[in-house]
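A short write-up of the structure that comes next.
Model, not experiment: these values are computed from the prediction. Hydrogens, waters and symmetry mates are skipped; everything else that's a heavy atom, side chains included, is used.
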Amino acid sequence: MQKLIIIIALGLFFSIALTGQEYLVVMRKTVLIKGRTSLGRFSCAYQNEYDQDTVSFSKSPNAESLMDLSIPVASFDCGNRMLERDFGKTLKYEEFPSIEVRLDDFKRTGQQYFGDIWIMLTGKEMKLEHVPFTLMTNENGELLYSEITISLEYFDLTPPKKLLGLIKVQDELIIELSLKL
């Protein structure tokens, strides 16, 4: 009887060890939105280091949401107040004060990570499927990083123009999502 219990215990131990970690603990979330104008580039950053999260690997498709992030548009730091005001107006922050980002169906295949990202902006939702995440290591530790491109037009947003149209923001924005582990 003792041999049977030991064999079962060892079998459970090795099955857990072989499957690896089933979740990741996210210590900090950073969202960087980058764009281009006719004069150059700009970036606006949001960082949340006070709200830890756990991201579990999906066992089945259509699993429930693994991480929800509600980002107040007014919390983005663009480097100067005028740019932050224009950024907020472009994203219609008075009518839609936050951007919702959701991570679903997060999977690990070997050393690669993939997930579905949902973005809710101006009341309109966009789903990006099977988005690759890269595991990176730097002086601050490990982080999962992904970069996606969205169109302002998709969300019914008009890129701002300044100085009688001499300075124009391009329609595409690049969103960088970093999850510090």
Side-chain angles (χ1 to χ4, degrees), residues 23-38 40-56 58 62-107 113-136 140 143-162 167-181:
Y23 62 90
L24 297 172
V25 177
V26 177
M27 305 299 286
R28 180 176 58 230
K29 304 164 196 158
T30 304
V31 177
L32 184 66
I33 298 179
K34 300 189 313 189
R36 298 181 90 148
T37 70
S38 51
R41 301 172 193 253
F42 68 90
S43 64
C44 298
Y46 168 81
Q47 187 167 311
N48 183 342
E49 54 190 84
Y50 304 109
D51 183 23
Q52 292 184 6
D53 217 334
T54 302
V55 178
S56 301
S58 295
N62 304 321
E64 64 183 63
S65 175
L66 299 172
M67 186 179 73
D68 292 304
L69 187 57
S70 182
I71 306 169
V73 174
S75 296
F76 276 92
D77 179 6
C78 301
N80 72 56
R81 292 210 187 272
M82 195 163 88
L83 186 55
E84 290 164 4
R85 186 179 66 238
D86 289 345
F87 182 75
K89 283 182 184 177
T90 300
L91 298 183
K92 301 179 182 178
Y93 77 97
E94 289 181 359
E95 188 177 350
F96 304 101
S98 63
I99 300 170
E100 306 295 326
V101 178
R102 191 171 77 223
L103 177 62
D104 284 337
D105 200 19
F106 191 68
K107 292 188 180 344
Y113 298 85
F114 300 94
D116 295 344
I117 297 177
W118 296 78
I119 299 172
M120 171 91 66
L121 181 62
T122 65
K124 196 167 183 181
E125 195 170 59
M126 172 187 274
K127 180 181 182 185
L128 302 147
E129 294 181 330
H130 204 65
V131 176
F133 284 79
T134 304
L135 183 63
M136 303 171 77
N140 297 322
L143 63 93
L144 277 174
Y145 171 85
S146 186
E147 182 177 294
I148 55 177
T149 302
I150 64 166
S151 166
L152 290 173
E153 186 178 324
Y154 178 87
F155 292 100
D156 300 323
L157 296 172
T158 306
K161 298 176 184 173
K162 294 289 182 186
I167 302 174
K168 298 177 190 174
V169 173
Q170 292 182 357
D171 181 61
E172 286 187 341
L173 293 178
I174 296 170
I175 300 175
E176 295 179 0
L177 178 62
S178 298
L179 306 174
K180 166 92 171 68
L181 305 178

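Shortest non-hydrogen contact noted between E129 and D116 is CA-OD1, 3.3 Å. Between K92 and D156, the closest heavy-atom pair is NZ-O, 3.4 Å. The heavy-atom pair separating A45 from L32 by the smallest distance is CB-CD1, 3.7 Å. Of all heavy-atom pairs spanning G35 and L173, the tightest one is CA-CD2, 4.0 Å. When all heavy atoms of S70 and S98 are compared, the closest pair comes out as OG-OG, 3.7 Å. The minimum heavy-atom distance between M27 and L181, with the atom names listed, is CG-C, 3.8 Å.
At most 12 heavy atoms of other shown residues, nucleotides or ligands fall within 6.0 angstrom of atom CE in M136. Summarising the local packing, CD of E100 is surrounded by more than 12 heavy atoms from other residues, nucleotides or ligands at distances under 6.0 Å. Other residues, nucleotides and ligands place no more than 12 heavy atoms under 6.0 Å from the CD atom of E153.
Proximity of V73 to I99: side-chain heavy atoms (C-beta onward) are separated by under 4.5 Å at one or more points. At least one side-chain heavy atom of V31 sits under 4.5 Å from a side-chain heavy atom of I71. Residues V101 and I175 form no side-chain contact, since every pair of their non-hydrogen atoms from C-beta on lies 4.5 Å or further apart. Put simply, the side chain of L157 reaches to within 4.5 Å of the side chain of L121, judged on heavy atoms. Between M126 and F155 there is a side-chain heavy-atom pair separated by less than 4.5 Å.
Taken from CH2 in W118 to CG in D105, the straight-line distance is 11.0 Å, to the nearest 0.5 Å. Taking CZ from R102 and CG from L69, the interatomic distance works out to 12.5 Å, rounded to the nearest 0.5 Å. Taken from CD in E84 to CZ in F42, the straight-line distance is 12.5 Å, to the nearest 0.5 Å. Atom OG of residue S151 and atom CG of residue D171 lie 3.5 Å apart, to the nearest 0.5 angstrom. Rounding to the nearest 0.5 angstrom, the gap separating the CG atom in D104 from the NZ atom in K107 is 10.5 Å. With rounding to the nearest 0.5 angstrom, the CD1 atom of I119 is 13.0 Å from the NZ atom of K124.
Formation of a donor-acceptor pair under 3.5 Å by the Y113 side chain with backbone atoms of V131 is not found in this model.
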Item to check | From CA spacing to verdict: side-chain contact (heavy atoms from CB on, under 4.5 Å), Q47, K180 | outcome: CA-CA 11 Å; Q47 187 167 311; K180 166 92 171 68; over 6 Å; no
Checklist entry - Under the side-chain contact (heavy atoms from CB on, under 4.5 Å) criterion, do K34 and R41 qualify, and how do the steps go? => result CA-CA 7 Å; K34 300 189 313 189; R41 301 172 193 253; over 6 Å; no
Next on the checklist: Go through it in stages, so that I can follow the logic: the residues are I117 and L103, the test is side-chain contact (heavy atoms from CB on, under 4.5 Å), and I'd like the CA-CA distance, side-chain angles, deciding distance and then a yes or no.
Outcome noted: CA-CA 5 Å; I117 297 177; L103 177 62; 4.3 Å; yes
Next on the checklist: Run I33 and F87 through side-chain contact (heavy atoms from CB on, under 4.5 Å) and show every step you take.
Outcome noted: CA-CA 10 Å; I33 298 179; F87 182 75; 3.8 Å; yes
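Evaluation of the ring-ring contact (aromatic ring centres under 6.0 Å, His included) rule for Y145 yields no partner, not counting sequence neighbours. For the ring-ring contact (aromatic ring centres under 6.0 Å, His included) test, no residue two or more places apart in sequence or in another chain qualifies with Y93.
A centroid separation of less than 6.0 Å is found between the aromatic rings of F133 and F106.
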